[in-house]
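Before any comments, here is the structure.
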Amino acid sequence: MKNTSLYNDIVQWDINSWSVALDIWDKDIDWSNKKTALEIGARNGGLSLWLALKNIDVICSDIENPQALALPLHQKYNVQHLISYQSIDATQIPFENYFDIIVFKSVLGGIGRNNNFQLQQKAIQEMHKALKKDGVLLFAENLVASPFHQKLRKKFVKWGNEWRYLNLNELKILLNIFSSYQIKTTGFLAAFGPKESQRKFLSYLDKLIFNHIVPDNYKYIAYGFAIK
């Protein structure tokens, strides 16, 4: 059974929809030899927390001063001794062949704001460079989804007109530099819930019905992993 409070702290919003990525990563990745990791675009450092709880040394990074937001969460779970903090631009990662794991959640859309696919491509290339051979990229990213999602984002999401949401074909293009990758999709109704309690209820409907009948390119979350 999931520790609900812990999952809330790791995933932070739209918990039920996005936490399926953690389940796959836990199940499908061999964690026995993973020692070093980097979180990109960490915000409050939820995925750094998740990795540190696996006893992995983590660099928690964001474009600017990640420690200010993330340290209180890491102190709450007493894992701060496993985590260091760096300001890192995902398009200029200052490491090469260094990490066993790189992880990000909902980052590429912001990197590609104002329709800059080349910058999104550069970020993935930098992550590939920073991974060791056989290192693993763990990703969970917003997709462009259905025309209805697109219209509502532009109207109600303050960054909806700036972010460059990927489609599935574009994500596959980005990941083609890896030796192998796996992509799964989830979520349709839950994106429309303005409150977390509503998103939770709608995510159950997605799991029971809509994930089975809605085409993958109409879902709003892509997640999975890629191996260098």
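In this chain, numbering begins with 1 at the start of the sequence shown. Values reported hereafter were calculated over all heavy atoms of this structure, with side chains retained and with hydrogens, waters and symmetry mates removed. Only a predicted model underlies this, so the values are computations on that prediction, with no experimental measurement involved.
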CG/Asn116 to CD/Glu162 distance, rounded to the nearest 0.5 angstrom? 13.0 Å
Could you tell me whether Lys200 and Glu196 have a side-chain N and a carboxylate O separated by less than 4.0 Å? no
If you round to the nearest 0.5 Å, how far is CG of Leu171 from CG of Leu143? 7.0 Å
Got Asn44 and Asp9 here, is their nearest side-chain heavy-atom distance under 4.5 Å? no
Test Phe139 against every option in Val103, Ile183, Ile102, Val107 by the side chain to side chain contact (heavy atoms under 4.5 Å, CB included) rule and name the one that passes. Ile183
With a 4.5 Å cut-off on side-chain heavy-atom distances among I, L, V, M, F, W and Y, is there a chain of contacts connecting Val136 to Val20? yes
Taking Ala190's backbone N and O only, do any of them form a donor-acceptor pair with Asp206's side chain (distance below 3.5 Å, no angle check)? yes
All heavy atoms of Leu51 vs all of Ala37, minimum pair found to be CD1-CB, 3.7 Å
Got a second to check how far Ile227's CD1 is from Ser180's OG, nearest 0.5 Å? 4.0 Å
Suppose we screen for salt bridge (charged side-chain N to carboxylate O under 4.0 Å, His left out). Which residues come up paired with Asp28, at least two apart in sequence or across chains? none
Lys34 atom NZ: more than 12 heavy-atom contacts under 6.0 Å: yes
May I ask you to decide if Ile221's main-chain N or O and Thr186's side chain share a donor-acceptor pair within less than 3.5 Å? no
Are any side-chain N or O atoms of Gln121 and backbone N or O atoms of Leu174, one a donor and one an acceptor, separated by less than 3.5 Å? no
Heavy-atom side-chain contact between Met127 and Ile93 under 4.5 Å: yes
May I ask you to test the Arg153-Trp163 pair for a side-chain heavy-atom distance under 4.5 Å? no
Between Val79 and Leu49, does the side chain to side chain contact (heavy atoms under 4.5 Å, CB included) criterion hold? Intermediate values first, please. CA-CA 7 Å; Val79 294; Leu49 166 63; 3.8 Å; yes
Measure the spacing between NZ of Lys122 and CD1 of Ile111 and express it to the nearest 0.5 Å. 12.0 Å
So, Asp62 and Arg43, do they make that salt bridge, N to O below 4.0 Å? no
Can you tell me if Asn167 uses its side chain to pair, donor with acceptor, with the backbone of Val144 under 3.5 Å? no
Quick check against the 3.5 Å criterion: does Ser84 have a side-chain atom that pairs as donor or acceptor with the backbone of Ile59? no
Could you check if a side-chain atom of Tyr181 sits within less than 4.5 angstrom of a side-chain atom of Lys172, using non-hydrogen atoms only? yes
Would you check if Lys228 and Lys132 make a side-chain contact, meaning some heavy-atom pair closer than 4.5 Å? no
For Lys184, all residues meeting salt bridge (charged side-chain N to carboxylate O under 4.0 Å, His left out), sequence neighbours excluded: none
Given 3.5 Å as the limit, does a donor-acceptor pair link the side chain of Arg113 with the main chain of Arg164, or not? no
Rounded distance (nearest 0.5 Å) linking atom NZ of Lys207 with atom NE2 of His212: 9.0 Å
Which heavy-atom pair separates Ser5 from Lys76 by the least distance, and what is that distance? OG-NZ, 4.4 Å
Please tell me whether Trp13 and Leu69 are part of a single hydrophobic cluster in this structure, the criterion being side-chain heavy atoms less than 4.5 Å apart. no
Gly193 and Arg199 have their tightest heavy-atom pair at O-NH1, 2.9 Å
Tell me which pairs pass ring pair (Phe, Tyr, Trp, His ring centres under 6.0 Å) where either residue lies in residues 19-74, with sequence neighbours left out. Trp25-Trp50, Trp31-Trp50, His74-Tyr85
State, yes or no, whether a side-chain contact exists between Leu82 and Val58 at a heavy-atom distance under 4.5 Å. no
Looking at Gly109, is its backbone amide N or carbonyl O close enough to the side chain of Glu141 to form a donor-acceptor pair, meaning the two atoms are under 3.5 Å apart? yes
For residues Ile40 and Leu38, report the shortest heavy-atom separation together with the two atoms involved. CD1-CD2, 3.6 Å
Distance-only polar pair, side chains of Asp100 and Thr36, donor-acceptor under 3.5 Å: yes
If you count every heavy atom of other residues, nucleotides or ligands that lies below 6.0 Å from Lys129 atom NZ, does the total exceed 12? yes
In sequence, state the C-alpha distance, the side-chain angles, and the governing distance for Leu108 and Ile124, and then conclude on side chain to side chain contact (heavy atoms under 4.5 Å, CB included). CA-CA 9 Å; Leu108 294 176; Ile124 293 296; 4.2 Å; yes
Can you find a heavy atom in the side chain of Asn142 that is under 4.5 Å from one in the side chain of Trp18? yes
Asp26/Lys54 ion pair, N-O < 4.0 Å: yes
Please confirm whether the backbone N or O of Ala123 pairs with a side-chain atom of Thr91, one donor and one acceptor, at under 3.5 Å? no
Around atom CZ of Phe192, are there more than 12 heavy atoms of other residues, nucleotides or ligands at under 6.0 Å? yes
Could you pull out the closest heavy-atom pair between Glu170 and Leu166, with the gap in Å? OE1-CA, 3.5 Å
Same apolar cluster: Leu175 and Tyr223, side chain cutoff 4.5 Å: no
Do Gln182 and Ile24 have side chains that get closer than 4.5 Å, going by heavy atoms? yes
Phe104-Ile63 co-clustered via ILVMFWY side chain contacts under 4.5 Å: no
Working note: Leu205 + Phe188, criterion side chain to side chain contact (heavy atoms under 4.5 Å, CB included); need CA distance, chi angles, decisive distance, verdict. CA-CA 9 Å; Leu205 295 181; Phe188 182 76; over 6 Å; no
Least distance between heavy atoms, Cys60 atom then Gly45 atom: SG-CA, 4.1 Å
Between Gln80 and Leu71, is a side chain to side chain contact (heavy atoms under 4.5 Å, CB included) present by the stated rule, with each step listed? CA-CA 7 Å; Gln80 66 273 18; Leu71 181 58; 4.0 Å; yes
Specify whether Tyr98 and Phe95 have parallel, tilted or perpendicular ring planes, treating 30° as the upper limit for parallel and 60° as the lower limit for perpendicular. tilted
Sub-6.0 Å ring centroid separation between Tyr218 and His149: no
Is it true that Leu131 and Leu138 fall in one hydrophobic cluster, defined by side-chain heavy atoms closer than 4.5 Å? no
Which value, rounded to the nearest 0.5 Å, describes the distance between Ser48 atom OG and Asp57 atom CG? 11.5 Å
